[in-house]
Amino acid sequence: MDKLMSDLKTQIIAQLNLQDTKPEDIGDDQPLFVEGLGLDSIDALELIVLLQQQYKIKLSNAEDGPKVFKTVRTMAEYITAHQPQNA
Amino acid sequence: MYIRATGNISPQKTFGHQPLGEAVAYTGNRLACIEPDYKVFIDPKQIRRMSRIIRMGVAAAMECLQEAGVKVPDAIITGTAYGCLEDTNSFLSKMVEFNEELLTPTSFIQSTHNTIGGQIGLMLQCNNYNNAFVHRGFSFESALLDGMMLLKENDANNVLVGAIDEITNTSHTILNRLGLYKQGPVSNLDIYKTKTKGTIAGEGASFFLIAHEPSTTDYAKLDGLHTFYKPDGITEIEKQITSFLEKHAVSINDIDLIITGKNGDAGEDKIYEQLGKTVFDSKDTVDYKYLCGEYPTAAAFAMWLAANTIKAGKLPAMLNATVSTDKKIDRVLIYNHYQGIHHSLSLLSAC
């Protein structure tokens, strides 16, 4: 899980072009949207694409979005539970 | 109408309203813009979504508005021929790479030609008239004409007008392959000596705040603008120039300086050389594309140069002119053509 969260932080920084942000600046349980990293709805779309590109996971229910993308940890948990080999 | 303020990012040191120094020399057939520290003008959170051309356009526009002391203009009008090439390239590459399935939204959203005008509007919270013109070699002139009409019809008191075009690695490779640019090592300062085919690639972001009423800090008066498409030979070009001047009750002898769009391409420069023997004979003439390179909206750089020359009353050091630098310059005619197809004339004078 720790390795996955570390990879996710690097991928989020690259995908969203978060200049001046390092992986260690993002806490495992820090909110990604609004008060945390300050991400917005366009970033949410980018994160959906990231899940598909990097982990071949399609978010089946859009209403799950806020829960899945709440923190790096919730994203990692969703990936672990939904990766094709685990399906 | 009056040019109240300017903002310009180009391959020369033109940003920041510093005194205009000597021309920056480049080797090779591509001139890239000298970019400022964008964080001074743009919130870092917004910068991350902006590609280079968007940053250049937004920063040039912000500098122009700051100089004018205008927070929200009555209209924002931009002209671009190529649009946001880097974003378009990124978006199209991903379409191919991911079999048209997984497209990242940011580069798609930012790839449209009106992105820069839209970004400026968003940053200023400006809901006023906002338009973008994409008319190849007439893109800047069309934007300017729209702004002039808004002022003339009293639909606006001030208008932010700008032109932006970038050259990317991909576009440079493609246009180079089409034979647009010079081959082999060439210095921008020597392009008029080569007498060979091709020019040098350029790019830039030039913005102007034009206003209906004069102010004490105006750069110049914008007396007229005229465009003509695919003229039928040199005689028609001469006629167009003569009738443009007549329309504005000006004789060629009233012009202190002519700025032409000579770009070093032996074929395209023939028009300027012909005019030098007829309508422009014995007139003080300078060229500008060795400073900014050739691109479809390069005429905006010429207008920036003309406005600054008139405001200073003399030629800037960066112009390698044969014209006497002591001469007071009050009236400037700009004649530019893009690939022999899109021709434009602009007339500026001291306020």
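Excluded from the calculations below are hydrogen atoms, water molecules and symmetry mates; all remaining heavy atoms, backbone and side chain alike, are included. Lettering follows sequence order; numbering is per chain, from 1.
Interface remark: Leu16(A) contributes backbone and side-chain atoms alike to the contact with chain B (heavy atom separation under 4.5 Å).
At distances below 3.5 Å, not a single donor-acceptor pair connects side-chain atoms of Gln19(A) with backbone N or O atoms of Pro44(B).
In this structure, CG in Asn17(A) is found 11.5 Å from OG in Ser107(B), a value given to the nearest 0.5 Å. Between atom OG1 of residue Thr104(B) and atom CD of residue Gln15(A) there is a gap of 6.5 Å, rounded to the nearest 0.5 Å.
Counting non-hydrogen atoms of other residues, nucleotides and ligands closer than 6.0 Å to CG of Asp29(A) gives a total above 12. Enclosure of atom CZ in Phe108(B) is not indicated, since only 12 or fewer non-hydrogen atoms of other residues, nucleotides or ligands lie within 6.0 angstrom. Counting heavy-atom neighbours within 6.0 Å of Glu63(A) CD, excluding the residue itself, gives a total of 12 or less.
Residues Ile42(A) and Ile109(B) share a closest heavy-atom pair of CD1-CD1, 4.0 Å.
When Thr106(B), Leu103(B), Ile47(B) are compared by the number of non-hydrogen pairs under 4.5 Å with chain A, Thr106(B) comes out ahead.
Residue Arg48(B) forms a side chain to side chain contact (heavy atoms under 4.5 Å, CB included) with just one option from Asp43(A), Thr21(A), Asp20(A), and that option is Asp43(A).
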